[in-house]
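The structure under discussion appears below in the form of structure tokens.
What you see below is based on every heavy atom in this structure, not just the backbone, and it leaves out hydrogens, waters and symmetry mates.
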Amino acid sequence: MSFFSRRQSRAGHEESFPVPPAPQCQDLSSDRQSFLKQRFMHRITRESEPAPSLVPRARPGRRRRTALVAAAVTVMILTGVFRDYALTAADNHEAVRLLDRIAVVAAERPATTVRDEQYVYTKIKGSWSALGEGTDVFVREDWVAVDGERNGLARQAFEPGSPSPDSQRLEGEMVLDKDPNMTTYRELEALPTDPDTLLKKIEKDTEGQGPTHDEAVFEAIAEMLPQSTLRPELNAALYRATAKIPGVVVRQGAIDAAGRYGVGLAFHTDGDSVVWVFDKDRLTYLGTNKVALLEVGIADATDLRPLSR
């Protein structure tokens with residue numbers, strides 16, 4: 001009886017080769033067969049072990065010290081990560097509580113009845129650095145059509161002593177042309193006032209913007225805050241939507257661009273970030289550390305101040 005096995009040739013073809021029959025062990029006792037089997041298995045096991053490494057093995061003591069150092073470094077890294085996470089979570093939780101209080105105050109403000117022929121009036125104060133010439137401080141008044149269908153007006157004045165030659169050139173009045181990219185009061189009025197729905201809309205409108213998407217959402221909300229103070233329900237919803245943005249933190253001792261002290265909110269802890277500033281007692285919006293909001297209201301025509309609220 002012949003026995004055959006199959007293997008692959010170098011050319012990739014399968015070929016057969018004979019296998020000799022197993023030797024007969026009829027003359028061996030069962031004990032002898034068992035002994036030979038054990039020796040055979042032992043030899044196979046030894047030959048199947050990997051060859052000894054040429055790299056010298058570390059001493060047991062050194063290996064233990066290396067493991068301890070690695071473990072210590074891992075603990076230090078994880079401790080730092082968890083500490084940073086805990087601080088961020090604590091800061092964000094503080095911001096959520098503050099935003100909730102601000103939203104409650106904002107919702108209690110009286111609503112303003114607005115007609116399409118009127119204008120949203122804002123008065124702000126800010127500054128910019130004139131390269132190599134110091135800082136220019138300005139006050140600006142804007143009248144923007146409620147429906148966005150008419151031109152508006154801007155009036156800008158610089159404080160005495162502003163060093164830049166541009167301060168004189170930029171003073172005075174100018175016409176604000178209709179800007180399709182500017183959010184009008186009526187568009188703000190049409191926004192949802194449910195915080196979750198509002199946040200989803202703003203997130204969709206800011207896709208692909210900002211250093212991060214969350215920061216872009218934060219900045220978009222900031223742009224709506226001055227006019228939204230005239231819409232209490234929307235104003236409160238904006239603050240509650242902001243509370244859902246991760247990374248918003250409280251800044252104690254914040255100062256707006258007009259020098260007013262208050263409590264602040266920022267997107268992160270970077271010292272150069274834009275900070276929303278609120279009156280510490282009344283929690284009314286004062287503007288930011290870059291631009292202060294001095295007044296906002298509704299005017300019947302350009303060049304007229306707002307009606308009393």
Stepwise salt bridge (Lys or Arg N to Asp or Glu O under 4.0 Å) test for E141 and K123
CA-CA 4 Å; E141 298 172 284; K123 183 178 182 180; 5.1 Å; no

Could you go through E203 and K200, starting from their C-alpha distance and side-chain angles, then the distance that decides it, and tell me whether this counts as salt bridge (Lys or Arg N to Asp or Glu O under 4.0 Å)?
CA-CA 5 Å; E203 287 175 340; K200 287 179 182 178; over 6 Å; no

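- Looking only at distances, no side-chain donor or acceptor of T206 sits under 3.5 Å from a matching main-chain atom of Q209.
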Please lay out, stage by stage, how K125 and E159 fare under the test salt bridge (Lys or Arg N to Asp or Glu O under 4.0 Å).
CA-CA 10 Å; K125 182 176 183 177; E159 289 189 351; 2.9 Å; yes

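- Among residues two or more places apart in sequence or in another chain, the side-chain hydrogen bond (donor to acceptor under 3.5 Å, both in side chains) test is passed with D179 by none.
- Atom NZ of K280 has 12 or fewer heavy atoms from other residues, nucleotides or ligands within 6.0 Å.
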Using side-chain contact (heavy atoms from CB on, under 4.5 Å), reason through V277 and T288 one step at a time and then give a plain yes or no.
CA-CA 5 Å; V277 185; T288 73; 5.5 Å; no

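- No donor-acceptor pair closer than 3.5 Å links the side chain of R231 to the backbone N or O of Y185.
- Shown here are the side-chain hydrogen bond (donor to acceptor under 3.5 Å, both in side chains) partners of T193, two or more places apart in sequence or in another chain: E233.
- F278 and Y239 have their aromatic ring centers within a separation under 6.0 angstrom.
- Both W276 and V105 are part of a single hydrophobic cluster, where members link through side-chain heavy atoms under 4.5 Å apart.
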Which is it for M224 and L234 under the side-chain contact (heavy atoms from CB on, under 4.5 Å) test, yes or no, and what are the steps along the way?
CA-CA 10 Å; M224 292 186 275; L234 173 63; 5.9 Å; no

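- In this structure, D147 contributes its side chain and T184 its backbone to no donor-acceptor pair below 3.5 Å.
- Side-chain N or O atoms of W143 include none that pairs as donor or acceptor with a backbone N or O of L176 at under 3.5 Å.
- Within the 3.5 Å criterion, the main-chain N or O of G287 finds no donor-acceptor partner in the side chain of D256.
- A donor-acceptor pair under 3.5 Å links the side-chain atoms of E171 to the main chain of F158, judged by distance alone.
- When all heavy atoms of L98 and G264 are compared, the pair lying nearest together is CD2-O, 4.3 Å.
- The backbone N or O of S127 lies less than 3.5 Å from no partner atom in the side chain of D136, so there is not a single donor-acceptor pair.
- Between D196 and K244 there is a salt bridge, since a side-chain N of the basic residue sits under 4.0 Å from a carboxylate O of the acidic one.
- Note that CG of D142 is 12.0 Å distant from OG1 of T302, once rounded to the nearest 0.5 Å.
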Salt bridge (Lys or Arg N to Asp or Glu O under 4.0 Å) evaluation trace for R115 with D300
CA-CA 9 Å; R115 304 187 307 273; D300 285 334; 3.4 Å; yes

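- Residues meeting the side-chain hydrogen bond (donor to acceptor under 3.5 Å, both in side chains) test with N151, sequence neighbours left out: none.
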